[in-house]
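First up is the structure itself, then whatever we jot down about it.
Each chain gets a letter, A, B and so on, in the order its sequence line appears, and its residues count up from 1. Excluded from the calculations below are hydrogen atoms, water molecules and symmetry mates; all remaining heavy atoms, backbone and side chain alike, are included.
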Amino acid sequence: MNWEVVIGLETHVELATKTKIFCSCTTAFGGDPNTHVCPVCTGMPGSLPVMNKKVLEYAAKASLALNCDVTQYCKFDRKNYFYPDLPKAYQVSQLYLPIGRNGKVPIQVGSEEKVIRIHELHMEEDAGKLVHDNWIDQTRADYNRCGVPLIEIVTEPDFRSGDEVIAYLEKLRSTLEYLGVSDCKMQEGSLRCDVNLSVRPQGSTELGTRTEMKNLNSFKAISRAIAYEARRQEELIEMDHKRVIQETRRWDDNKDATISMRSKENAQDYRYFPEPDIPPMELTDSYLDSLRASMPEMAPAKRERYQREWGLSEKDAALLTDTRAMAAYFEDTVAAGAAPKQASDWIQGEVLRELKEKSLDIKQVVFAPEALAHLIDLVRQGKLNRNTAVKVFRAVFDDNGDIDAYVKAHGLEQVNDTGLVEQVVSDVLAANPQSVADYKAGKKKASGFLMGQCMKALKGKGDPKVVSQTLNKKLAEL
Amino acid sequence: MSLLDYSALELGRLIAADEVSVREATRTALDAIAAANSDNNAFITVLEEDALREAEQVQAKLRAGELSGPLAGVPAAIKDNICTLGVKTTCASKILGDFKPPYQATVMERLQRAGSVNLGKLNMDEFAMGSTTETSFYGPTKNPWNLGHVPGGSSGGAAAAVANRECWYALGSDTGGSIRQPASYCGVTGMKPTYGTVSRYGLIAYASSLDQIGPLARSAEDCAAVLDLIMGKDPRDGTSLEAPCGHLLENLSADLTGKKIGIPVDCFGDGLDPEVRAAVLSVADVLKERGAEIEEFRLPIMEYVVPTYYIIAAAEASSNLSRFDGVKYGWRAENYEDLTDLYNKTRTEGFGNEVKRRILLGTFVLSTGYYDAYYNKALQVKAVIKNAFDDAFSKYDLILMPVAPTTAPKLGESLSNPLQMYLSDIYTVSVNLAGLPGLSMPCGLDKNGLPIGAQLIGPALGEQKVLDAAYAYQQDTNYHQKTPVGGAKE
C-alpha cells in the first residue's frame, strides 16, 4: 500500500529578551546552577509576576511576521501540574486567548511552493532543568531557565514530508532571526521542536492516530525521526496488523529510534484557568501599526532585491541572506563603496573561511565592512593585487587593523611604474639566457618560469597584467 | 492609664513630641503580649529582641529629624501570611513552619520607611482559610471579650491583639471578609481597601484575584492613617492600581451632608440575628443626624455570592498552594518512596483539613468536564455581582449592611459544619468579588456582651467616603472605644 505521512509541529522558541518574562533576572544561557534566579522566577510564596513588555512586543512581531491574526485583548492562563522543575507547580501560558491565530507560512521544496497554516502562537514561561547525579543518586534542580520567555508555534497538520518540515523550520528560523526576536540556536535549546506524526493510505482524507516525538535536537535528528517513525507506523499497520497507539515518544539519537514515553491514557488534566496575577493586555491598533512599521526587510525580499538590483546569482543571494547579520555585513560593505559582486565574492570566500576556521559567528566579527570595502577598492585601483590583498585581509581580520598602515609597513603596494617593470624584465631575460633560448625554440612553458622570476624580483607587488604584457613584448622583440 | 489605651495616632503624637520613647511603647506592647498570649494565642511569633532593636533605630531617626508622619514610631503587629524578611512567616501552617522569606513584602517596606516597629506575627486560619482562626496549626486564637468564643477569621490574631490592647494597629488580609468579620467579632475597626490599591507583593496568596491587605485598628481615623502608609502603586504587583493615595487622614471629614446611603433590604432578612439587625440599622440613624440621606434598595444577588466566592477562591487556592510540595522549602515528609510519594506525604502531613477541603474543591471545579459548569459559571456570576454594585453606586455613595449574621460563635462550634460556616460569609464575600472597599466598625454589644459590627461599603476607590462615614459615626458613638471585659486580664 502507498502511505501518506501527515505531520504537524509544535515549536518552542526562546525569545531573545535580556530579562525573563516576569522578573528582571538575566536570560543568559548557562551560568552556575541557581545563580540567575530570584523569588519571582523560583515561585517563592508571596512573589508576583510582572509582565516584561518586550516579551509582548516580540511575540506580537512574530505573530505579524507569520501572518497571524493578533489577539488584541490577550490573557495568560495557568497550566497546573506537579514537577520539580516547575517551582510554582503551574506554568504561566496561554490557552484561551493566544496572542496569534490563523497564521500562514509559505515554504518552497524544490520547485514546489506550499503554505503551512499556523493554528496558534502563544507566550509562556520556560521551566527549570533537572540534573540527575548518578554518583550520589540524587536529582538536583537548576532554576536558571525558569521564566525564560518562550513562544510556542503550533501548525495545522499540513506537512507531507520531512523535507517540508525542514523547509518550514528554516523559514521560521530565518524569520524570527531577522525580526531579532530569537537567536534560534537549537544546540542551546532556544529552538525546540515536537513532531506530531500519523500515516494514512494515500488518498484517504481521514487522519490516522498520531504520536508526538520529543527530544529532537537538530534538523538532522528531525529528518531521521520522521523517516523512522513513519516507517514504524506503516510497518505496525501493514505487517503486524496493529493499531498505532496515541502516545508521546522520545527520539534517541544513539539508537536512531523513537521510544515510547507515555500514552494518552496517562495524560494529565492541566486544569487551565485565567492567571489572576497578570491583568489582561491590550494591543491597540496604533501599537500594532508601529510594530508593522518597524519590521525589517526579510530574507525573501532581500534575495529578490540582490538579484534584481545587484545582479547576484540566486545561490549567492541565498547564501548572503542566510542570517540577518550576514546580510547586514554584506549590505554595509556595499554601502561603503564596494561593488556588490566583489563584496559577495570576498564574503563568501575569505570571510566565511575565517568564520569556519575560527568557529565564529558573523555577529562576532570585528573586521569592519568599511575595511573590507577599502580592501576591495585598493584591488580595484590596482594598488594591491588580489593575492596580496588576501594576505592583508588575514593579517588585519582579527583586530580590524589599519589596512593602509599594514600595506605601507610591509611595502606591499603594487608596482605600476612601467619603467621599473621594464628594467626588471630586461634584467630577468639577461640573467636567464637558457630559458629565453627554450622559449625561442618553441617551449612556450618557459614564459611561465620567466614571469615567476619577474614577479619574484618585484617581491610580488607587480601588477600581473602589466608584467605579463611587458614580458611578452620584450620576448617578441628579441 | 497604659500607653496601650491611646489610639495609634495619639501615641504617634506623643512620640513625635518626645513625651514617649519608641522603646517605651514597644516595651509596653511586648509586656502586654507576654501577659496575654498564653490565654488568647493571638501571636504565632513575638519579636522581642528584633522589635526593641528596631525601636532604637526608629528613635535615632526621629531624633535626627529623618522621620515624620503621624504613625512614626508606633509599633504594629503583622498577620503571619505577610512576608517579613528573615522572620518566620508560617501562614499558620505546618507546611511553612520554618519558612523565613528572603525578601520583604512591599507593605513591610512601606511600614519600615514610615518608622513602624514590628512586634510580631499574628495567628490566623491556616492559609487564611476559615472564619474562626481555629484552623491554625498553632492552635486557635480566643476572643478577648470572652475566651470561650472565637475571634473570627481569618485575621483573628490581628483583631484579638488590637481589641485586647496588645498593639495599636495590625495588618491583616481580606479575601472574603477576613479583616472585616474578625474586626466585627472583636469590636475593632477594620478595612479592606479597593482591590489593587495595596500591593500584594509578599502576601502569601490564598485567592489572588480577591486577596487584599488592610488595617485593623481602634478607629476609622487610625485606619485612614495606616492606609495612607500602605496604599499606592507597586511596580512589583501587576494588579496594583495607579490611583491617588496618601491623603485619607488629612481629608477626613465628619460632614455627611448630601451623602446618600443605601440599605439593601436583601441583607436584613432571614438568618440575621435580630440584635445584630437592630444595631446595624441604628447606625443609619446616627449617619442621618450627620446629614446623610438613607434609602432602602434591592441588591438581588445575595443567594449567589457564597457559592460564587467559594468556587473562585478554592480554584485559585488549589493552584496557589500547589507550590508547597516539599521540594524547595518548608515541611518535607521524612520517609518517601518516590517523587509522587514525596508530594502525597508532604501535602497530607503539611496541610490541615480545611485547606485540604478547599484544594479538593478547587481542583474539582477546574477539572475537565466541570470547568464550564462551575468555574466559568462563577466568573459569569461574578460579573453580575459587580454590575449589581455598579447599579447601586450610581444611586448611592455608600451601602450600609451587617458584617456577619451573628456575633462571635463559641469555640469548637463551627468546624464540624463547614457549609454552615461558609454561609456565615454571606455579607462579606460580595465586596471581594466586586473588588470594592469595605469597612467594619463596632456598633453595639449583644446581650452576652459580645461586639456587633456594621459594614460600610463604597464604590471602587471610594475609601475616603467609607472612612468619612465611619469617622462621623465614631464622633457620635463610643462603641469603638469599649474594651473587652470578661475575657480580658488586667
Side-chain angles (χ1 to χ4, degrees), chain A residues 21-24 34 37-53 56 75-92 95-96 128 130 132 137-143 146 266-281, chain B residues 81-83 89 91 95-96 99 101-106 127 196 199-205 207-211 234-241 312 315-316 318-330 339-340 342-343 347 362-371 375-376 379:
Chain A
I21 184 165
F22 301 128
C23 64
S24 53
N34 299 310
V37 296
C38 74
V40 176
C41 55
T42 53
M44 297 290 267
S47 68
L48 292 171
V50 177
M51 183 65 194
N52 178 346
K53 297 250 162 52
L56 191 64
K75 290 201 288 193
F76 280 105
D77 303 292
R78 288 187 187 177
K79 177 181 181 179
N80 296 284
Y81 64 96
F82 288 94
Y83 205 62
D85 68 0
L86 192 66
K88 296 191 294 288
Y90 59 80
Q91 180 191 30
V92 179
L95 177 73
Y96 295 107
L130 297 182
H132 192 79
D137 193 26
Q138 281 183 355
T139 300
R140 303 185 162 209
D142 176 5
Y143 293 138
C146 279
N266 303 327
Q268 303 193 46
D269 183 349
Y270 291 121
R271 307 189 316 277
Y272 279 97
F273 75 103
E275 164 59 272
D277 285 328
I278 304 167
M281 296 148 282
Chain B
N81 59 352
I82 296 173
C83 285
T89 301
C91 276
I95 212 159
L96 281 179
F99 179 61
Y103 50 93
Q104 192 81 289
T106 296
F127 283 103
S199 170
R200 292 186 295 117
Y201 187 84
L203 171 66
I204 299 181
S208 314
S209 72
L210 307 170
D211 294 342
D234 180 9
R236 290 184 296 190
D237 177 357
T239 61
S240 87
L241 299 174
I312 292 174
E316 291 182 17
S318 73
S319 173
N320 284 331
L321 270 62
S322 293
R323 72 191 68 195
F324 306 112
D325 58 5
V327 171
K328 302 156 303 254
Y329 42 74
L339 185 61
T340 309
L342 164 70
Y343 288 154
R347 291 167 67 80
T363 304
F364 173 74
V365 299
L366 290 177
S367 301
T368 305
Y370 298 99
Y371 180 89
Y375 184 76
N376 220 10
L379 284 187

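By the salt bridge (charged side-chain N to carboxylate O under 4.0 Å, His left out) test, D325(B) pairs with K328(B), sequence neighbours left out. E275(A) is linked by a salt bridge (charged side-chain N to carboxylate O under 4.0 Å, His left out) to R78(A), counting only residues two or more places apart in sequence or in another chain.
A side-chain donor-acceptor contact under 3.5 Å links S47(A) to the backbone of M44(A). The backbone N or O of L95(A) lies less than 3.5 Å from a partner atom in the side chain of D77(A), making a donor-acceptor pair.
In this structure, chain A has a heavy atom under 4.5 Å from the side chain of L339(B), while its backbone stays farther away. Within the 4.5 angstrom heavy-atom criterion, no atom of P101(B) approaches chain A. For Y90(A), the part lying near chain B is the side chain, with the backbone staying farther off; criterion is any non-hydrogen pair under 4.5 Å. With a 4.5 angstrom heavy-atom cutoff, Y201(B) touches chain A via backbone and side-chain atoms both. The contact between F99(B) and chain A is made entirely by side chain atoms (from C-beta outward), counting heavy-atom distances below 4.5 Å. At a 4.5 Å heavy-atom cutoff, A207(B) makes no contact with chain A through either its backbone or its side chain. Contacts between T89(B) and chain A at a heavy-atom distance below 4.5 Å are absent for every atom of the residue. Of the two parts of N320(B), the backbone and the side chain both hold a non-hydrogen atom closer than 4.5 Å to a non-hydrogen atom of chain A.
Counted within 6.0 Å of OH on Y83(A), heavy atoms from surrounding residues, nucleotides or ligands total 12 or fewer; the atom is thus considered open.
Between Q91(A) and L86(A), the shortest heavy-atom distance links the atoms N-CD2, 3.9 Å.
Chain A forms more heavy-atom pairs under 4.5 Å with one residue of A205(B), G202(B), P235(B) than with any other, namely G202(B). Taking A89(A), C23(A), P87(A) one by one and counting their heavy-atom pairs under 4.5 Å with chain B, the maximum is reached by P87(A). Most heavy-atom pairs under 4.5 Å with chain B: of the set N80(A), T139(A), D277(A), this distinction falls to D277(A). Options T368(B), L342(B), L321(B) differ in how many heavy-atom pairs under 4.5 Å they form with chain A, and the most are formed by T368(B). Most heavy-atom pairs under 4.5 Å with chain B, from the set P49(A), G43(A), P45(A), P276(A): that is P45(A).
Ring centroids of F364(B) and Y370(B) are separated by less than 6.0 Å, placing the two rings close together.
Put simply, CZ on F273(A) and CG on L379(B) are 10.0 Å apart, with the number rounded to the nearest 0.5 Å.
Ring orientation note: the planes of Y329(B) and F324(B) are nearly perpendicular, at an angle over 60° on the 30°/60° scale.
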